[in-house]
Amino acid sequence: MRVVIVGAGQAGAALAAKLRALGHAGEIVMLGDEPAPPYQRPPLSKAYLLGEMEEDRLWLRAPEFWAENGVELRLGQGVTAIDPTAKTVTVGGEALAYDHLALTTGSTPRRLPAAIGGSLEGVYTVRTLADVDAMRAEFCPGRRVIIVGGGYIGLEAAAVAAKLGLDVTVLEMAPRILQRVASPETSDYVRALHRAHGVKVLESTGLDRLVGDDRVEGAALKDGRVLPADFVIVGVGITPNTHLADEAGLEIDNGIATDELGRTSDPAIWSAGDCASFPWRGGRIRLESVGNAIDQAEAVAANILGAAEAYQAKPWFWSDQYDLKLQIAGLNIGYDRIVTRRGEGDVASFWYYRGPDLLAVDAMNDSRAYMVGKRLIEMGKSPAPEVIETAADLKSLLKG
């Protein structure tokens, strides 16, 4: 049985390794459109951009791992088509047959339209190794960078730029940074942190266009101001890579739609990671995180081999900015109350409730709150909000 994996990122690598770990003896072919072997993406906007991590430390496995485990790794080869009837993928002009196909195609950063300057030289996104390699030379002390978008990727890039001595401005169209993903309390904490490091955070600030002839020279705002810039980083979200699946006639619903096993609308095709949506509590979600990419891919590997076990997502995320380690457990969708717990110094945690139910926790430099919150959510336990506020020892909430 030949399993072909399209996409050599975190999910694809996890799926291939799990297939072998579970005893699959057939062929495994993993196709990646980037020239680099499977690597971690989160450090790109943190340690790698700072120059604190070399490229080979990004790699998920030593290069020899793939050959030693019988995984045929084809790099720099993008798939151009899928034929579900013939059960082939087209790569480099070759029709490659599969028995099972796994789509771990990831996502692509949204870019600003060319009509408003998105294609000017000096405008970057943060997604791939090549993206970060292209922009690293720009990070020189005293240079002016504008970050478009106040989400986690943009804020992580802003933190790196500030640490390296650049003049940093963050533009956020919404009333507050992190508005789509976090509570006002978390936004306030992170905003104060960036301003303490000299970053100018401009909220409720719309971008009209980037200005410059061939290279970006500044940003014209909706309110008429023009801010000078030596370069610009765009962090306005990502789009799941669904075009291959769509052209092959697979069901698309906020990503490549899968059932609880990770199977798409074609029984021989599976999907996992950023590109895949799956059933969740009566609805459908898509998670953009390393944890989900690994866990979902490993579940799909088991199901390709006949396990028939539903994927049970246990969402967790993290972000590193300056000395802040922000750890997030759960999903805060539909919260109606925030419970704040503060420790010494810059330690804090924000607990999301919907009615009596604990949904999620944002832990700021508080690994204990994160660990306890994650365990409580996975156990389906919801301590009363006042207990969270007053408990002397959070670990005691796990008992009983």
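Everything numeric here is computed off the predicted structure, so don't read it as measured data. By convention here, the first residue in the shown sequence is residue 1. Hydrogens, waters and symmetry mates play no part in the numbers below; they use all other heavy atoms, side chains included.
- Applying the ring-ring contact (aromatic ring centres under 6.0 Å, His included) criterion to Phe231, with sequence neighbours excluded, gives Phe139.
- Within the structure, the ring-ring contact (aromatic ring centres under 6.0 Å, His included) test picks out no pair touching residues 154-187 (sequence neighbours left out).
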Quiz: residues 148-158 side-chain donor-acceptor pairs under 3.5 angstrom, not counting sequence neighbours:
residue, atom, partner, partner atom, Å
Glu156, OE1, Ser45, OG, 2.8
Glu156, OE1, Lys46, NZ, 3.4
Glu156, OE2, Ser319, OG, 2.7

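- The side-chain contact (heavy atoms from CB on, under 4.5 Å) check on Met173 picks up nothing, with sequence neighbours excluded.
- Not counting sequence neighbours, the partners of Ala174 by the side-chain contact (heavy atoms from CB on, under 4.5 Å) test are Glu172, Gln179.
- Side-chain polar atoms of Ser107 and Asp274 form a donor-acceptor pair below 3.5 angstrom.
- Residues Asp99 and Arg2 are not paired through a salt bridge, judged by the lack of any N-O separation under 4.0 Å between the basic side chain and the carboxylate.
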Kindly list each side-chain donor-acceptor pair under 3.5 angstrom involving residues 243-255, sequence neighbours excluded, with atom names and distances?
residue, atom, partner, partner atom, Å
Asn254, OD1, Arg286, NE, 3.3

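- The side chain to side chain donor-acceptor pair (under 3.5 Å) test applied to Asp188 returns Arg191, not counting sequence neighbours.
- Rounded to the nearest 0.5 Å, atoms CG (Asp362) and CD1 (Ile338) are 7.5 Å apart.
- Using modelled atom types, no side-chain atom of Thr104 and backbone atom of Gly273 make a donor-acceptor pair closer than 3.5 Å.
- The line from CD of Glu52 to CZ of Arg57 is 9.0 Å long, rounded to the nearest 0.5 Å.
- Distance CZ/Phe317 to OG/Ser289: 4.5 Å, rounded to 0.5 Å.
- Sorted by first and then second residue, the ring-ring contact (aromatic ring centres under 6.0 Å, His included) pairs with a member in residues 174-210 read His194-Tyr322, His197-Tyr322; sequence neighbours excluded.
- The NE2 atom of His24 sits 6.5 Å away from atom CG of Leu305, with the distance rounded to the nearest 0.5 Å.
- Put simply, the side chain of Arg61 never gets that close to the backbone of Phe65: no donor and acceptor are under 3.5 Å apart.
- Between the side chain of Ser187 and the backbone N or O of Glu185, no donor-acceptor pair lies under 3.5 Å.
- Gln40 pairs by the side-chain contact (heavy atoms from CB on, under 4.5 Å) definition with Pro42, Pro43, Leu60, not counting sequence neighbours.
- Under the 4.0 Å criterion applied to side-chain N and carboxylate O atoms, Glu389 and Arg342 are not assigned as salt-bridge partners.
- Of the candidates Leu49, Val234, Ile233, Ile233 is the only one forming a side-chain contact (heavy atoms from CB on, under 4.5 Å) with Val126.
- No donor-acceptor pair closer than 3.5 Å links the side chain of Arg143 to the backbone N or O of Asp167.
- A donor-acceptor pair is defined here as one N or O able to donate and one able to accept, closer than 3.5 Å; no such pair exists between the side chain of Arg368 and the backbone of Val372.
- Sparse packing is recorded around CD of Glu54, with 12 or fewer heavy atoms of other residues, nucleotides or ligands lying under 6.0 Å away.
- The salt bridge (Lys or Arg N to Asp or Glu O under 4.0 Å) with Glu34 is formed by just one residue from the set Arg41, Arg127, Arg74; it is Arg41.
- Listed by first and then second residue, the ring-ring contact (aromatic ring centres under 6.0 Å, His included) pairs that reach into residues 354-392 come to none, sequence neighbours excluded.
- In this structure, the separation between CG on Asp266 and NE2 on His100 is 10.5 Å, given to the nearest 0.5 Å.
- Among residue pairs with one or both ends in residues 308-324, those qualifying as salt bridge (Lys or Arg N to Asp or Glu O under 4.0 Å) are Asp320-Lys325; sequence neighbours excluded.
- Remark: Asp223 CG is packed, more than 12 non-hydrogen atoms of other residues, nucleotides or ligands lying under 6.0 Å away.
- Judged by distance alone, the side chain of Tyr39 and the main-chain N or O of Leu129 form a donor-acceptor pair under 3.5 Å.
- For Ser382 (side chain) and Leu358 (main-chain N/O), a donor-acceptor pair under 3.5 Å exists by modelled atom type.
- Judged purely by atom type and a 3.5 angstrom limit, Arg263 has no side-chain atom pairing as donor or acceptor with the backbone of Thr258.
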Result block: side-chain N/O donor-acceptor pairs under 3.5 angstrom for residues 328-336, not counting sequence neighbours:
residue, atom, partner, partner atom, Å
Asn332, ND2, Val181, O, 2.9
Asp336, OD1, Gly355, N, 3.1
Asp336, OD2, Gly355, N, 3.1

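- In terms of hydrophobic clustering, with Ile, Leu, Val, Met, Phe, Trp and Tyr side chains grouped at heavy-atom distances under 4.5 Å, Leu178 and Leu287 are assigned to a common cluster.
- For the atom pair CZ (Arg136) and CG (Leu50), the distance works out to 9.0 Å, reported to the nearest 0.5 Å.
- The aromatic rings of Trp318 and Trp316 lie parallel to each other, with less than 30° between the two planes, well short of the 60° mark.
- For the side-chain contact (heavy atoms from CB on, under 4.5 Å) with Ile5, the lone residue among Leu73, Leu101, Ile28, Leu31 that qualifies is Ile28.
- A donor-acceptor pair is defined here as one N or O able to donate and one able to accept, closer than 3.5 Å; no such pair exists between the side chain of Asp133 and the backbone of Ala130.
- Remark: Arg341 does not engage Asp366 in a salt bridge, criterion side-chain N to carboxylate O under 4.0 Å.
- With hydrogens and angles ignored, the 3.5 Å screen pairs no side-chain donor or acceptor of Lys381 with any backbone N or O of Arg375.
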Can Leu103 and Trp270 be said to form a side-chain contact (heavy atoms from CB on, under 4.5 Å), step by step?
-> CA-CA 6 Å; Leu103 301 179; Trp270 309 73; over 6 Å; no
